[in-house]
Each structure stands twice: as structure tokens, then as C-alpha cells.
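The structure appears below as C-alpha cells.
Below, chains carry the letters A, B, ... as their sequence lines are ordered, and counting in each starts from 1. Everything numeric in this text was worked out from a predicted model, so none of it was measured.
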2 protein chains.
Amino acid sequence: MKLEPPEKKRPPRRRSTARTGETRDEILTAALQQFAEYGFHGASLREISKRSGVPLSALHYHYGSKDGLFFAAVGQVFARLSEARLERLTALRRTETPLALEQLLEAFIRPTIELASAPEGPSFMRLQSRVYAENAPLSDQLTKLVLDATHPFRAALEEIMPEVPDAIRYRGYRIMVSSLSGVPVDPMYEQLAKRAALPRRKRDIEALIDLLVSYHAAGFRSLQQSAAAS
Amino acid sequence: MKLEPPEKKRPPRRRSTARTGETRDEILTAALQQFAEYGFHGASLREISKRSGVPLSALHYHYGSKDGLFFAAVGQVFARLSEARLERLTALRRTETPLALEQLLEAFIRPTIELASAPEGPSFMRLQSRVYAENAPLSDQLTKLVLDATHPFRAALEEIMPEVPDAIRYRGYRIMVSSLSGVPVDPMYEQLAKRAALPRRKRDIEALIDLLVSYHAAGFRSLQQSAAAS
DNA sequence: GTCTATAACCCGATAGAC
DNA sequence: GTCTATCGGGTTATAGAC
């Protein structure tokens, strides 16, 4: 079916000579999309090569292997998110004493939704939700990477509700995180509500953040009440 | 749901000659494990063949294709879950008037956790969380299948809080569902709390169900309050 | 219905010219 | 650093004997 005659299609544009950084970025962008769309196993280096216009062997040259490329792509996403979250948490620590639950949650949630609303956002989000499901040999490393980056938030949560046992607070934390990777890009929601799961208008983005913050703040408070009652 | 064509109950004989239904079940069990472990693309029919002791070509004979086998395996899981949930909802409708939020949530959540706690449960849960991330050409069909099966719950939710706009109620519903596929089998939680994400002792299972019910009940009530305030 | 053998294809990785 | 061509091994799917 795909009999491609030996049509010599010389690349209309440049490609050749230097600019290593730019090539690496082009690879990473295409890789991100493909991994997000098809998962680790489903994505193919050949397709990434085609989409980025970078020859297959260059992928190996720059990132060594499929694992290496995946880790680079995912790591970049997490690094960006963690940076934005930490920035907000640090700002909070300077102005707020003590920390308020809603503001802590917003510091965590807002960067997720805002990043997701950027042009490349949907890819980011799908990739993120995939990572938790993929169990390539990489997933242990990724788990550690994510846990390290999010540690300050769990510590802050403990400050706010020290009376809630660790195991239970962690449950709440994971409920919240699951909802962040699941909710923003959600085909089921889109079909239900007949609108994009991830809003584009500034006003709707704020509304979604508010919704998530108040939902989870209420959830966490219910954990506090249970702890107090026992 | 059209799950079983003709069921032939032939006498007990070991591998070779007849017993179609049993062979199909063995295939399905192995397929479930492999798809859960490696995802759609990562799983291979050869490995499923080896694990089940059924020759590769028999997989195609019985299920036609990898897609067909995947759909059969996933469909079976969803059918089981939906059945258990609907049973509880129906029982609720007979005894409760009007429906209480906590009881509705429990009717939805309990079968998930109980199924997850069965021996094959972890496979089920991983498979479920994968399905939402996989976007094989199958995902549209699966989305429709799941939405149809869960419709009575969203309808009941609307009865309980008709004043909350659909789009917002759906957000809450998806937050809850995401937390169910993400939380039970959660390597991050296991690493954090240094204990299994999915408890095995009856008492701990009940505690997890209670936690999820009260967390999400509080979340939904916060949506009600926001709706009332505007 | 069961099973072996193999077709047809796609993958990740690499060699080597430029 | 860039690119072509190819290797070796994996995959799904099928043909055909029993």
C-alpha cells in the first residue's frame, strides 16, 4: 500500500552545517509530541525523525538511544513544571505566615494548568499522564525525579496539617496530583461537556484553577476532620 | 455487551482438541496481565501466547487481531466493574429517597477498590489507568463504552445537585474518576508511604474507601457552594 | 480447532562516506 | 555534525498440514 517510488526529494531547505542546539530542540519538540501521542512503545524514532526533519541517525547521535531521548523529553517537561511551582512556593513563603491551604494548592496547581494552556501544553499533559502509566525501566528514575522535585510541597502540606498521619496526607496528595494529570486533557470530559477539557480563554483558565483549588482544599479539610475525630 | 459467542462445554482434556471457552479464558487472562504491565504497544502477542500456553495463531483465530484481543480484555474488565456499580446504585434507588451524595459516591467507588483488592486486581487497575492514556484507534470506542456504562451515575449526580452547571459537575466527576484509576495502584504513593497503595486487609480497604468517599464528597460540596454563591 | 512455519513489515541501532 | 544505507531482530498476521 505504501509503495514509495524512489522519488529523490531533496530537502527544500537547509539542514546541514552546525547549529547543534537548534537541531536538538527540534528533535525534542517532535519527540515530545510523538511520545505524548503514542506512549513510549508506540512512538517510533523514524516518525520523530520525519516530523523533525532530522535524520534518524542524528537522533542517536544526540541522545544515544530511545531511552535517552525519552528521558530528555520528559525530564525537560518536569524541570519546567517544578521550576514554576517552586518559584511560587518560595514567593508564598516570603509573604505568608503561616501557609494557607488554598494558596499552597494554587501554587502547585496553577503552573500545571498554565503550562497546559500553552501551545505545546496538550502534549505536555498527555506525556505527563502517560509517564505515570508507562513502566519502562525508566519509570523508577522518573519516580525518584518527580518525588524529589515535589518534596517541598509535601513538606509544606505537613506544616499545614501535622495532625493528619503521613499515609493519609499522602493519599490526599496523590488524589490531587492524579486529578491534575488526568483532568486537563481528558477526552471523556470533552465528550461529556462538548467543550475542550483545557480552556483557552484567560477567564476560563482562572475558573478551572479556582475549581481545582477549592475542590481539593475541601477534600484535604475532610481528611483533617477525620483525623481530629479519631 | 456482546462478550460470549457460543460456549462449548466439551469434556476435560488437556491442551489440544476442543474446550474453546476455556482456551479463550486462558488467553484473556494472560492478555490482561500483559496489556496491564506493558500497555497496548508494549505487550506482544508472542508473550501472551507463551504465558497462556496457547499457540500464537490461536490468538488470531479467537480474537482476530491484537486490537480485537485488547478490546475483549478491556471490555471484560469494564463490564465487570459497571455491573457491580450498577447493582449498588439500583439497590440504593430502592432504599434511599432522595439519594445521598456519600452513598452515591460509595456505590461508585467501592466496587473499584474491592475489585482492585482481588488477586487479579492490580492488573485490572493498571489496565484501567492505561486505557485512559492509550489512544490507539480503539480509544474512541472505549470512551463511548465507558461513558454509556457510567451514565446512570452522572444522572444521579445531577439529581443531587441540579443547581451545579453540567460542565462543572462533569469536572468534579472526572476528578473523582481520575483519582480512582490513579490512586489504587500508585508507585509514587508506595514510595512515599512505604506501604502498598492497595491495602489487602479488610479494615484498611474500608478505610481507603471511606477516605475517598469523604474527600470527594467534600470536593463536590465545594462545587455546590460555588454554584450557590454565583 | 490446533499447531508449525513463515510471510511481510517495522523497529532501534550502527557503519561509514562526506 | 550530517546523512544514506543497511543490519539484525522484533512484531503482527497468515498459509496450510493435521
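With dT2(C), dC11(C), dT2(D) as the candidates, the nucleotide lying closest to the side chain of His62(B) is dT2(C). Taking only side-chain atoms of Pro55(B), from C-beta outward, the nucleotide of dT4(C), dG12(C), dA13(D) with the closest atom is dT4(C). Of all nucleotides listed (dT2(C), dA13(D), dG12(C)), dA13(D) comes nearest to the side chain of Leu45(B).
No side-chain heavy atom of Phe108(B) sits less than 4.5 Å from a side-chain heavy atom of Arg88(B). Under the 4.5 Å side-chain criterion, counting only non-hydrogen atoms from C-beta, His41(B) is not in contact with Phe40(A).
Contacts of Leu56(B) with the nucleic acid, taken as non-hydrogen atoms under 4.0 Å apart, include base atoms.
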Interface polar pairs with nucleotides 15-18 of chain C, N/O, under 3.5 angstrom:
none

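Residue Thr23(B) places at least one side-chain N or O under 4.0 Å from the OP1 or OP2 atom of dT2(C). Phosphate contact (OP1/OP2 of dA13(D), side-chain N/O of His60(B), threshold under 4.0 Å): present.
Taking the charged nitrogens against the carboxylate oxygens, Lys202(A) and Glu206(A) do have a contact shorter than 4.0 Å, which makes a salt bridge. Using a 4.0 Å cut-off between charged nitrogen and carboxylate oxygen, Asp148(A) and Lys144(A) count as a salt-bridge pair.
Between Ile48(B) and the choices Val54(B), Leu59(B), Leu56(B), the side chain to side chain contact (heavy atoms under 4.5 Å, CB included) rule is met once, by Leu59(B). Just one of Glu83(B), Arg85(B), Glu87(B), Arg80(B) meets the side chain to side chain contact (heavy atoms under 4.5 Å, CB included) condition when paired with Pro111(B); it is Arg85(B).
What separates CZ of Phe70(A) from P of dA13(C) is a distance of 14 Å, to the nearest Å. Lys66(B) has its NZ atom 12 Å from the C1' atom of dC10(C), to the nearest Å. We find that OH of Tyr61(B) is positioned 5 Å from C1' of dG1(C), with the value rounded to whole Å. As a whole-Å value, the separation of Arg24(A) CZ from dT2(D) P is 11 Å. As rounded to whole Å, 10 Å separates atom P of dC3(C) from atom CD of Glu26(B). Spacing between atom CD1 of Ile27(A) and atom C1' of dG1(D) amounts to 11 Å, rounded to whole angstrom units.
The neighbour count for Arg51(B) CZ, taken as heavy atoms of other residues, nucleotides or ligands under 6.0 Å away, does not exceed 12.
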